[in-house]
Amino acid sequence: MIQIENKTKDLINEGMFSLSESMDLLVVGLRRDGEIFYINPYLCKVTGYTREELITKNWFKVFVPDRSIENVQKAFESLFVSTTHKDYINAIKTKTGGELEVDWNNTTIIEDDELVGTISIGVEIVPRNKIFNRLKEVKQEYAQHEKELEDKNNFLEDSKRAMLNLLEDSKKLEEELLLEKHSVEKRILERTKELREEQAKLLAAINSVPLGFMVADPKGRGILNNNSLETILGKTEKTWSVEKLDRILKESVSVNTSFETCLKDKKPVEIKEFLFNTKYLSLYIAPIFISPLSDEFIGAIILISDITEAKAVERSKEEFITIASHELRTPLSAIRGNVELLKKYPEGNINSNDYKEIVTDIHESTVRLIDLVNDFLKTSKLEQGKMDFTKEVFTIDKVIQDTCKEFQQQINKKGLYLNYQPDEVVSKTEVLADVERVREVLINLIGNSLKFTDKGGINVSVSKEQNFIKVSVSDTGKGIPKQTQSLVFRKFQQTNSNILIRDYSQGSGLGLYISKLIVEGMGGKIQLERSKENIGSTFSFTLPVCTQNQV
Amino acid sequence: MNKILIIEDDISMLNMYEKLFTYEGFTVSIAEDGEKGTQKAIETLPDIVLLDIMMPKKSGFQVLEDLKKEEKTKNIPIILLTNLSSESVISEAYALGAAGYLVKSQTPNDEIVAEVKKYLKS
């Protein structure tokens, strides 16, 4: 043992005591028999007793659980055997029946060299464990929180990443869109150019066809039209419309009605043939649908074709055989019938008037038949280019005057006039042609006028037009209906459009056709200048002027 | 006496038919175009009509149609006498109500008279 002065010992004892009273450690003083002579407030507090309840009480009885009394007493006894203090751990009971595990630090008290008791200082183990457990719990909770935080953080991280990705993507998308936009714009430009070219080609194509072509929107406003439309209708307009077409053609067809029918029925409307001035036209209106499967239409195509030529060709083909055979059979039948009359009813039965008439009719029919056959032969010769034209130099005056003289008797008989107005320049101008053929044409034209004129008369006039002499024959006759004006130079064409209705003229229907072939064969032109029903007609033909080197 | 109306524009033919049927004992009336022919048929109500097809002003077909429509003349037999001989023309003639169809150049006078008399008997 360390030798310490008594005075110092007293100081320590006093300090220790004060310390023991205030500190949060368990302090107990026991006599050798286990009687409690000191107990500090903290021990009272944790065990639930008052100090008064415990002083002089036996420690072991009050505090040590029965199961460990023996061991604890042995450990306590051993403190007195060895002088060194010893530590041990044992449980103590609380007033309420609980237990506390306490780690005891014991020291013996020596009084007058005798071991009289112990002072023990204990530390609760249980609370420490509790703290430890609590710490563990807190640690776990913390870990839990930490994990949650981490999760949240991770989630936030993920979200952030997702957002970033999204941003990145949208940026990329924007770039792609920009690229796409440029490419689309480029394509649109290219396509527009292509379309313009296509349109130009289409327009060129549309303009080159001889059909009148117009595209109208559903309200009838013209979107597109070609030049042929204006040529056929003989009218120029800045813009075309169904309305305008209707006005121009209103005396022939109702374009409005056809257009409306087309839109209503969603089917093409066709008017195969109608007369417009001197032309035969056909009208075709077809709806334009957005697609072949849709019946939503965006307008209509209007086609107007000039079928005059086609009609003439068709008619002349169709009618050639019919008319040729009819024309030949008629005089033959007259000859045959009249001869049969003479055979069956002998002279005695027929009075002299009848007899004269029969013979005259046979003669006339024979002459007509000869003329007809001659015309046929002439036509076929001219058509095959086998007609020989002599080239003579002459002035037209004499030929006209001679021809007029030939007609004078017939003119007088019908009470008409036939005038020729010579022209000074023409009278001095020589032409190069076949005189006999020129006479033939003159006879044909004047003869036609005579045939179709019942009052008034015929004027023949001449004029010089550049390198041609023009001869015109005008009459005050019945005129030519509009619908046949364009057909008069056709084979077998008479002035009525119905083949079954014919003239009294008994003509072959070849006169003007032959005249045309003759005039053209001599390098000139023949035409119908003008004609109006019941007012009269003017025909003209030209002959080439003779130039020096031709002589 | 039987009344016959001859509608024919060719004057030589008309003259000939007029004489033929006069000699055969008919009362003959004539017309030289379709319009006059229709008018005369309605006015004189003949027993039979000989009708040409190709004529001025009004074709024989139109005359035939008009006379078949007209109450007074619809039962009068009408024989077409023409130089047209195509099948289509002939069938149209019958469709319009013609009693007979004769082609001039193929029919001698005797046959024409016989044909006319045939329709008068029935």
Side-chain angles (χ1 to χ4, degrees), chain A residues 318-346 348-351 353-369 372 451-452 478 492 494-507 509, chain B residues 6 8-25 28 31-37 50-65 80-90 92-93 96 102-114:
Chain A
E318 219 175 82
E319 293 171 9
F320 178 81
I321 306 290
T322 309
I323 296 177
S325 47
H326 184 272
E327 295 306 301
L328 284 169
R329 279 166 173 180
T330 301
L332 278 169
S333 306
I335 294 166
R336 174 200 187 147
N338 277 301
V339 171
E340 277 175 11
L341 285 183
L342 289 178
K343 266 178 82 182
K344 176 143 190 195
Y345 310 97
N349 291 355
I350 304 173
N351 65 43
N353 275 345
D354 279 3
Y355 184 79
K356 247 191 233 163
E357 203 176 68
I358 289 170
V359 175
T360 308
D361 282 345
I362 291 173
H363 180 250
E364 274 181 7
S365 295
T366 313
V367 169
R368 200 175 133 206
L369 191 62
L372 212 53
K451 215 184 280 177
F452 296 111
K478 66 176 199 173
F492 296 123
Q494 292 192 327
T495 58
N496 205 300
S497 59
N498 183 338
I499 177 186
L500 298 178
I501 298 178
R502 66 189 305 269
D503 294 309
Y504 290 102
S505 67
Q506 286 194 340
Chain B
I6 301 161
E8 164 68 64
D9 70 310
D10 188 283
I11 200 74
S12 308
M13 290 304 285
L14 186 61
N15 287 342
M16 194 273 282
Y17 290 138
E18 191 183 5
K19 288 184 197 85
L20 175 65
F21 283 97
T22 307
Y23 299 160
E24 288 295 326
V28 183
E32 63 267 30
D33 67 53
E35 262 176 27
K36 283 182 189 160
L50 274 186
L51 178 62
D52 190 14
I53 294 178
M54 271 173 99
M55 286 187 295
K57 292 181 184 170
K58 201 167 169 181
S59 79
F61 281 161
Q62 284 169 279
V63 176
L64 181 59
E65 238 183 314
L80 293 186
L81 187 56
T82 170
N83 263 323
L84 295 171
S85 57
S86 75
E87 279 304 319
S88 63
V89 173
I90 295 172
E92 191 179 348
L96 289 173
L102 299 174
V103 178
K104 289 173 191 169
S105 62
Q106 295 164 9
T107 323
N109 288 352
D110 290 350
E111 278 177 33
I112 298 172
V113 175

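Hydrogens, waters and symmetry mates are skipped; everything else that's a heavy atom, side chains included, is used. So that the names make sense, note that chain A is the first sequence line, chain B the second, and so on, each numbered from 1.
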Open item on the list: Using 0.5 Å steps for rounding, measure from the CG atom of B/D10 to the OG1 atom of A/T330.
Closed with: 6.0 Å
Task: Residues A/S325 and B/N83: side-chain donor-acceptor under 3.5 angstrom - done: no
Task: Portion of A/I350 that has a non-hydrogen atom of chain B nearer than 4.5 angstrom - done: both
- [ ] Just jot down the side chain to side chain donor-acceptor pair (under 3.5 Å) partners of B/E35, sequence neighbours excluded, or say none.
- [x] none
Task: Residue A/L341 versus chain B: region with a heavy atom under 4.5 Å - done: both
Open item on the list: For the OH atom on A/Y355, are there more than 12 heavy atoms of other groups (residues, nucleotides or ligands in this structure) within a distance under 6.0 Å?
Closed with: no
Open item on the list: Could you tell me if the side chain of A/R336 sits less than 4.5 Å from the side chain of B/P108, heavy atoms only?
Closed with: yes
Open item on the list: Has B/N109 got a side-chain atom pairing as donor or acceptor with A/G337's backbone, closer than 3.5 angstrom?
Closed with: yes
Task: Between A/I335, A/I358, A/L328, A/L332, the one whose heavy-atom pairs under 4.5 Å with chain B are most numerous - done: A/I358
Open item on the list: Counting only non-hydrogen atoms closer than 4.5 Å, does B/Q106 touch chain A with its backbone (N, CA, C, O), its side chain (CB onward), both, or neither?
Closed with: both
Open item on the list: With rounding to the nearest 0.5 angstrom, report the CD to OG distance, A/E357 to B/S12.
Closed with: 9.0 Å
Open item on the list: Once rounded to the nearest 0.5 Å, what's the spacing between atom CD of B/E111 and atom CD of A/E340?
Closed with: 9.0 Å
- [ ] Check whether any side-chain heavy atom of A/N338 sits under 4.5 Å from a side-chain heavy atom of B/M13, and report yes or no.
- [x] no
Open item on the list: For the OG atom of B/S105 and the NE2 atom of A/H326, what is their distance to the nearest 0.5 Å?
Closed with: 9.5 Å
Open item on the list: In the structure I gave you, are the side-chain heavy atoms of A/Y345 and B/E24 within less than 4.5 Å of one another anywhere?
Closed with: yes
- [ ] Could you look at B/T22 and say if it's the side chain, the backbone, both or neither that has a heavy atom under 4.5 Å from chain A?
- [x] neither
Task: Short side-chain to backbone donor-acceptor contact, A/R329 and B/K104, under 3.5 Å - done: no
- [ ] First locate atom CG of A/D361, then atom NZ of B/K19, and finally report the distance between them rounded to the nearest 0.5 Å.
- [x] 5.5 Å
Open item on the list: Using the side chain to side chain donor-acceptor pair (under 3.5 Å) criterion, which residues pair with A/K344? Sequence neighbours excluded.
Closed with: B/D110
